[in-house]
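Single-structure report; data block below.
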Amino acid sequence: MDESAATMAATSIAERLGEVRERIAQAAAGSGRDPSAVCLIAVSKTKSTEQIRAAYDAGQRDFGENYVQELTSKAAELGGLPGLRWHLIGHVQTNKARRVVEVAHMVHSVDSERVAIELGKRAAAAGRRLPVLIEVNIGEEGSKTGASRVAVRDLLQVVQAQPGLEAAGLMTVPPYELDARQTAPYFERLARLRDELGGPQQLRELSMGMSHDFEVAIAHGATMVRVGTAIFGSR
Ligand SMILES: *Cc1c(COP(=O)(O)O)cnc(C)c1O
């Protein structure tokens, strides 16, 4: 990319980021919530470090990646940017838990006791308390990832028993083919499950909502929305 093309691309990322922030603020206000109670996570998978940098320069600090390998190489390249926080939102392979603990601010996708125990062990060894979310397969049928609703209670206890982990909340990914209206019941169910598990005092974060349905998720109580395409363009 020549310089003017790079500048143009950076401008459009900044503009789209501004639009997404505006939509978040409106969705929050529309349900009587404070916009600052919703954290925007810019999902940068497959996107270059230049594009991430453009979003950072426009004030974005929280970024989400799906793959540990991609996360660690981007984190190494962008290591000097103050305040940048990486969120791992994809499946954790237990053999990569140590790397995850080194770079991730938060892990959204703890879906098994094995993963919880391994992350807990590595985090404790590194002297940190890693905030994690339990990924719930709220639809049971359509979505392929996440712990089943019945397994969540036991998994939560395992997470809470790890001194290296903080059980910070719940996350879900509805089946991707559903439109915004159809995903609403999934968000409702995740919010209800959080209430059954002790409410926001116990589990403060609800990570739900993507480019096509983050406003619906905010209406149902999302505290974190994971938005890729609407900021960086299609993948
Ligand atoms: C890719 C991805 C996102 C972002 O999806 P968009 O539709 O691009 O906003 C959010 N959450 C997870 C778990 C993802 O894998």
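Because the structure is a prediction, the values reported are computed rather than measured. Remember, it's 1-based here, ligands and their atoms both numbered in the order they're listed.
Residues in residues 20-56 take part in no ring-ring contact (aromatic ring centres under 6.0 Å, His included) pair, two or more places apart or across chains. Residue pairs meeting the ring-ring contact (aromatic ring centres under 6.0 Å, His included) criterion with at least one member in residues 96-127, sequence neighbours excluded, are H87-H105, H87-H108.
Taking a heavy-atom cut-off of under 4.0 Å, ligand 1 is surrounded by V43, K45, N66, I89, V173, Y176, M210, S211, R226, V227, G228, T229, R235.
With salt bridges taken as basic N to acidic carboxylate O contacts below 4.0 Å, one links R23 and E215. With respect to the salt-bridge test (charged N to carboxylate O, under 4.0 angstrom), the residues K74 and E77 do not qualify.
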Check residues 225-235 and write down every donor-acceptor pair under 3.5 Å in which the side-chain atom is one partner and the other belongs to a residue at least two apart or another chain.
residue: R226; atom: NH1; partner: S207; partner atom: O; Å: 2.9
residue: R226; atom: NH1; partner: S207; partner atom: OG; Å: 2.9
residue: R226; atom: NH2; partner: T172; partner atom: O; Å: 3.1

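In terms of modelled atom types and a separation under 3.5 Å, the side chain of D154 and the main chain of A151 share no donor-acceptor contact.
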